[in-house]
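One structure below.
Values below: all heavy atoms of this structure, side chains included; hydrogens, waters and symmetry mates excluded.
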Amino acid sequence: MAHINKFIVPFFLVFASSCATYKGAEVRVVRKMPVLDFYEDVVILNNADLLPNQRTEVGTITIRKSDYHNVPCGWVERLTAATLEARKFGGNVIVLDKISGNINLATNSCGDITGYVYNVEEHLVSQLKKFRVNGGIKNKYDIARVVFIKPTFATNYSIYVNDDNLGLIKGGEIVEYKTKNKEPLIIWAKTESKTQLVLNVEPGYDYFIFCNEIPSGFMLPQVQFVTLQPEVAIDLINKMKR
């Protein structure tokens, strides 16, 4: 059973600088391994100390955006793009190194995420899964929370998660959706047109979604759901509360 909490916070709007357009994710190969089978998993880590000694360096990776999603700057989307690119070269473990630059949603400029790609024996990959970066941040509860952040006042609209209506979200509000299930959530909203995001969640993690609005001339803005890196989202929430 899902639970919904709503909080009202002051208005805050953030924009950032743009950068040039490149291939979304790119591996600079040191040693190419066989392409992964469809059932083989790719684990993303943020701590190189977790790597087993038995590993093969495949190369380095730079993720500038996702070429596979409608919202290329989303945090979860860029992590997904990284795993898809690593698979092509036999990489089943990615260790994140640096996150630099800013996100400009108007130009789809997303900054850079860099890291290292490795191939590790499959039984060792399974042991790393509990440390994986899955797009969320660990919480203290046996639930998954999805936090919607709407800093702008341009348009009010209802947000839906699966069949649940979270109600009207207004500018300066934060809305939470909670579930005890590990599941894909269908998140959607409609102004002039319908916007949809599918987000896989698991209990014990918080996920953050920035509710962006794209101007559409004389019509209502189109909603754009952008998954945020947790640290970025928490900083934005703190600024909104001031």
*Which atoms form the tightest heavy-atom contact between Leu236 and Pro151, and what is the distance?*
CD2-CG, 4.4 Å

*Identify the residue among Leu84, Thr83, Thr80 that makes a side chain to side chain contact (heavy atoms under 4.5 Å, CB included) with Val42.*
Thr83

_Has Asp206 got a side-chain atom pairing as donor or acceptor with Asn139's backbone, closer than 3.5 angstrom?_
no

_Between Ile237 and Phe210, is there shared hydrophobic-cluster membership here, with clusters defined by ILVMFWY side-chain heavy atoms closer than 4.5 Å?_
yes

_With side-chain contact (heavy atoms from CB on, under 4.5 Å) as the criterion, how do Arg132 and Asp41 come out once you've worked through the C-alpha distance, each side chain's angles and the decisive distance to 0.1 Å?_
CA-CA 11 Å; Arg132 75 191 309 165; Asp41 203 0; 3.1 Å; yes

*Side-chain heavy atoms under 4.5 angstrom apart, residues restricted to Ile, Leu, Val, Met, Phe, Trp, Tyr: same cluster for Ile61 and Leu36?*
yes

*Going through the distances and angles, do Tyr207 and Glu202 end up as a side-chain contact (heavy atoms from CB on, under 4.5 Å)?*
CA-CA 10 Å; Tyr207 304 84; Glu202 57 181 298; 3.5 Å; yes

*More than 12 foreign heavy atoms under 6.0 Å from CD of Glu192: is that the case here?*
yes

*Within a reach of under 6.0 Å around CD of Glu121, are more than 12 heavy atoms found that belong to other residues, nucleotides or ligands?*
no

*With under 30° as parallel and over 60° as perpendicular, where do the rings of Phe148 and Phe225 fit, or are they tilted in between?*
perpendicular

*Does NZ belonging to Lys88 count more than 12 external heavy atoms closer than 6.0 Å?*
yes

*Nearest heavy-atom pair of Pro203 and Lys180: which atoms, and what distance?*
CG-O, 3.2 Å

_Do Val147 and Ile174 make a side-chain contact, defined as non-hydrogen atoms from C-beta onward lying under 4.5 Å apart?_
yes

_Step-by-step side chain to side chain donor-acceptor pair (under 3.5 Å) determination, Tyr177 to Asp164_ = CA-CA 9 Å; Tyr177 177 89; Asp164 291 323; 3.3 Å; yes

*Flag yes if more than 12 heavy atoms outside Tyr116 fall under 6.0 Å of its OH atom; otherwise flag no.*
no

*Assess whether atom CG of Asp235 is packed by more than 12 heavy atoms of other residues, nucleotides or ligands within 6.0 Å.*
yes

*Check the surroundings of atom NZ in Lys140: do more than 12 heavy atoms from other residues, nucleotides or ligands lie under 6.0 Å from it?*
no

*asked:* I'd like to know whether CG of Asp163 has more than 12 heavy-atom contacts from other residues, nucleotides or ligands below 6.0 angstrom.
replied: no

*Do side-chain atoms of Ser109 reach the backbone of Asn104 as a donor and acceptor pair under 3.5 angstrom?*
no

_Verdict with supporting geometry, Asn119 and Phe89, side-chain contact (heavy atoms from CB on, under 4.5 Å)_ = CA-CA 9 Å; Asn119 181 273; Phe89 304 95; over 6 Å; no

_Please determine whether side-chain contact (heavy atoms from CB on, under 4.5 Å) holds for the pair Val175 and Cys211, giving the CA-CA distance in whole Å, both sets of side-chain angles, and the decisive distance to 0.1 Å._
CA-CA 11 Å; Val175 174; Cys211 300; over 6 Å; no

*asked:* Heavy-atom count check: over 12 atoms from other residues, nucleotides or ligands less than 6.0 Å from Arg31 CZ?
replied: no

